[in-house]
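Okay, structure first, notes after.
Nothing here was measured: the structure is a model prediction, and the numbers come from that model. The sequence lines fix the lettering, A, B, ..., with proteins before strands; numbering per chain opens at 1.
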2 protein chains.
Amino acid sequence: MSEHTAPTKERILEAAGEIFGQRGFKDATIRAIAQAAEVNIAAINYHFRDKEGLYGAVLEEVFHIGFTRFPATLGLDTNIDPEQRLRAFIRAMFFRLLSREGWGGIAGRGRLIARELLAPSPAFEAVLDRYIKPHKDLLVTIIIEIMGVNPGPEKLMSCAISIIGQCIYYAMASPVIRKISTDNAPTEENLDRLAEFVWLFSLGGIAKIKDATLSPVKETV
Amino acid sequence: MSEHTAPTKERILEAAGEIFGQRGFKDATIRAIAQAAEVNIAAINYHFRDKEGLYGAVLEEVFHIGFTRFPATLGLDTNIDPEQRLRAFIRAMFFRLLSREGWGGIAGRGRLIARELLAPSPAFEAVLDRYIKPHKDLLVTIIIEIMGVNPGPEKLMSCAISIIGQCIYYAMASPVIRKISTDNAPTEENLDRLAEFVWLFSLGGIAKIKDATLSPVKETV
DNA sequence: AGGAAAATAAAACATTTGTTTGAAACTGGC
DNA sequence: GCCAGTTTCAAACAAATGTTTTATTTTCCT
């Protein structure tokens, strides 16, 4: 086995990330992963105990790499204006989720995260506390600064969901998006433009929510 | 079998929608569906040929019911102002996707649609042409009217994706959202408020995009 | 060099699962 | 009342799949 560059355990993680992302937990078979990693089937159980153990290891590794390579604060100082920090936050999400350098877009691991949101696995709980909650808190902080006022936790959370939802929808629905509009498919060369759009759209949304909070109007319908 | 209210075929469709939505195609077993429908396993193959045939029938029925009971134009006239039509459009999406009357929220069929976006099945192609594309076209029409100008197909599509993405994200990520914030979980009693928020946020987003289109600014970073 | 521990390999096992089969029960028309 | 067609049922089948077993090879410390 000295013909391989990476050791067995890493090759398994690599192949498993790809195949779990493409097919989902149930549809991904140990045999397919073993074949892709050029590894004996039993090696998977040896290194990761069972299929679920392997999945947990993949999930942890995927999040770690993604948030390490594309931190939400993309090298920006805290004293830079909050609009630009939101811009960096959104760009980081797009590139983390969809770029080849990140979770690999369509064919790759971005969809593994989408699957977790849809149906969290037992291994997701840890990832939620370690990565997602702090990530959300950072976004909320940025939104407060942009608004200049604090509209309360409920509206803040709604804003955060609207922003994150736009980003993740691109990763999640990319198969369908590219069937409807190639211009807006989240391909490598479109990521910059799409991130810029979502940033502007979200700035407008935040401004509108601020207005509505400061001067609530009675409904007419 | 005369003790059942609905005929076998309908009971199977009913149970299959529930279970496919909860577990996904692969993870849902014929046996679980048969048991839930109180039907013999072979009855499924008899009425729907095979598992894939059943899934196709479920998908078609789910979309038909959803768009029939919650049309995107929710009884509004075309000459009403476009902001209110957007409001109706978004409300319809929320209630179609998440209400008990619609695709049944968390435990139900809303997630079946989310799964299709993530990994379209062969049966999805037909649904795409019949329901989703016209639905998108309607939204684009509304956005044009709100803007008062036509920013071009690319920006229009981006707006549509941002709006639809927010709605679908609630349906898709509801398991995680409710773990982070119960106030913003898309439960029956929250739907009105969430739809209202997404509407406002989107109005702000559209306005901002219109501004940026009319007076583009050079980037400073 | 020797030997214990770690790693890899091939084969077999036990379950799960979609599908088929052939018989039984039911339905509606004559 | 009876029969052809339809529907339901229990059992069996065949394929796929996660896991275990046992043997062999490799690694690494003394």
Between [atom2] of [N] and [atom1] of [X], the distance in whole Å:
{"X": "B/Glu52", "N": "C/dG18", "atom1": "CD", "atom2": "P", "result": "12 Å"}
{"X": "A/Tyr46", "N": "C/dT8", "atom1": "OH", "atom2": "P", "result": "7 Å"}
{"X": "A/Ile12", "N": "C/dA9", "atom1": "CD1", "atom2": "C1'", "result": "13 Å"}
{"X": "A/Lys9", "N": "D/dT26", "atom1": "NZ", "atom2": "P", "result": "22 Å"}
{"X": "A/Arg11", "N": "C/dA9", "atom1": "CZ", "atom2": "P", "result": "8 Å"}
{"X": "B/Asp50", "N": "C/dG18", "atom1": "CG", "atom2": "P", "result": "11 Å"}
{"X": "B/Lys51", "N": "D/dA16", "atom1": "NZ", "atom2": "P", "result": "15 Å"}
{"X": "A/Arg49", "N": "D/dT20", "atom1": "CZ", "atom2": "P", "result": "8 Å"}

Which part of the nucleic acid, if any, lies within reach of [X] when heavy atoms closer than 4.0 Å are counted: base, sugar-phosphate only, or nothing?
{"X": "B/Ala43", "result": "nothing"}
{"X": "A/Ile41", "result": "base"}
{"X": "A/Ala28", "result": "sugar-phosphate"}

Under-4.0 Å side-chain N/O to phosphate OP1/OP2 contact, B/Thr29 with C/dT16: no
Phosphate OP1/OP2 of C/dT8 contacted by A/His47 side-chain N/O (<4.0 Å): yes
NZ or CZ of B/Lys51 within 45° of B/Phe25 ring axis and under 6.0 Å: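 Because its charged atom sits under 6.0 Å from the ring centre and within 45° of the axis, B/Lys51 does stack over B/Phe25.
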Row check, A/Phe48 ring normal vs A/Lys9 NZ/CZ: under 6.0 Å, within 45°: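 Yes, A/Lys9 sits over the ring of A/Phe48.
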Nucleotide nearest A/Ala42 when distance is taken to its side chain, options D/dT19, C/dA6, C/dA9: C/dA9
Nearest-nucleotide pick for B/Ile30, side chain only, options being C/dT8, C/dT19, D/dT19: C/dT19
Most 5' of A/Val39 and A/Arg31 on DNA chain C, judged by nearest nucleotide: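 Mapping each residue to its closest nucleotide by heavy atoms, the 5'-most match is A/Val39.
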Side-chain donor/acceptor of B/Asn40 to base of D/dA10, under 3.5 Å: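 Answer is yes: a donor-acceptor pair is held.
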Closest non-hydrogen atom pair between B/Glu52 and B/Pro122, with its separation: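 Minimum heavy-atom contact is OE2-CG, 3.8 Å.
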Working for ring pair (Phe, Tyr, Trp, His ring centres under 6.0 Å), residues B/Tyr131 and B/His64: CA-CA 8 Å; B/Tyr131 298 99; B/His64 175 72; 7.0 Å; no
Pairwise side-chain contact, B/Phe20 with B/Val62, heavy-atom cut-off 4.5 Å (strictly under): no
